[in-house]
Amino acid sequence: VKEMSSYMRKRRLQWHGQVCQRNEDEDISQGTNIQVGGRRERGKPRQPWKDTVKSGMSRWDLEQEDVHDSARWQLNLALAERLPKKDTAG
């Protein structure tokens, strides 16, 4: 049985690959840099999208340079999913 967090990480990184392969002028690419204003309720601050993706890539030893080659990115995601995960606890 797959862990749900592993599945979500893979889908998030697949989406990151799709967004990075698009033209930067498209709305979807610009949406990753949006800063939402206003106050937030108490508690842990939300993690920005890019930080979440960076954390997932680090955990699976993926490189940002590979994102622009669709075939390589998909292969790396498939391989990374099968490898043991890096411990990110400090």
Side-chain angles (χ1 to χ4, degrees):
V1 176
K2 276 187 179 180
E3 290 182 33
M4 182 58 100
S5 61
S6 178
Y7 175 77
M8 293 298 294
R9 183 175 298 111
K10 181 179 179 185
R11 297 297 296 166
R12 188 179 302 120
L13 290 172
Q14 285 175 333
W15 179 249
H16 174 66
Q18 293 287 330
V19 171
C20 286
Q21 292 167 15
R22 297 249 180 177
N23 187 349
E24 290 184 15
D25 296 335
E26 294 185 40
D27 290 340
I28 197 163
S29 295
Q30 293 175 359
T32 61
N33 298 321
I34 291 176
Q35 294 291 327
V36 179
R39 283 192 60 128
R40 192 166 173 334
E41 293 182 17
R42 292 186 322 178
K44 183 178 176 182
R46 292 191 181 190
Q47 187 175 18
W49 169 259
K50 289 192 180 220
D51 291 347
T52 304
V53 169
K54 188 185 296 184
S55 171
M57 289 174 62
S58 171
R59 185 173 174 123
W60 280 355
D61 286 328
L62 298 171
E63 299 293 328
Q64 182 65 31
E65 297 81 33
D66 295 339
V67 172
H68 301 289
D69 181 352
S70 180
R72 178 182 287 171
W73 184 248
Q74 291 302 320
L75 177 63
N76 286 347
L77 282 176
L79 292 174
E81 187 179 26
R82 290 175 177 82
L83 296 174
K85 311 306 181 259
K86 279 174 62 175
D87 183 19
T88 56

Heavy-atom side-chain proximity of Q64 to H16 below 4.5 angstrom: yes

Looking at OG of S58 and CG of D51, how far apart are the two atoms once the value is rounded to the nearest 0.5 Å? 12.0 Å

Looking at residues at least two apart in the chain, or sitting in another chain, which of them share a side chain to side chain donor-acceptor pair (under 3.5 Å) with N76? D66

Are W15 and V53 co-members of a hydrophobic cluster defined by side-chain heavy atoms under 4.5 Å apart? yes

What's the separation between atom CZ in R12 and atom CZ in R9, rounded to the nearest 0.5 Å? 7.0 Å

Whether the side chain of W73 engages the backbone of L13 through a donor-acceptor N/O pair (distance < 3.5 Å, no angle test) should be reported. yes

Which residues share a side chain to side chain donor-acceptor pair (under 3.5 Å) with R11, sequence neighbours left out: Q14

Listed partners of Q74 passing side chain to side chain donor-acceptor pair (under 3.5 Å), at least two apart: none

How long is the gap from CH2 on W60 to CG on L79, to the nearest 0.5 Å? 11.0 Å

Residues V67 and G17: closest non-hydrogen pair is CG1-CA, 3.7 Å

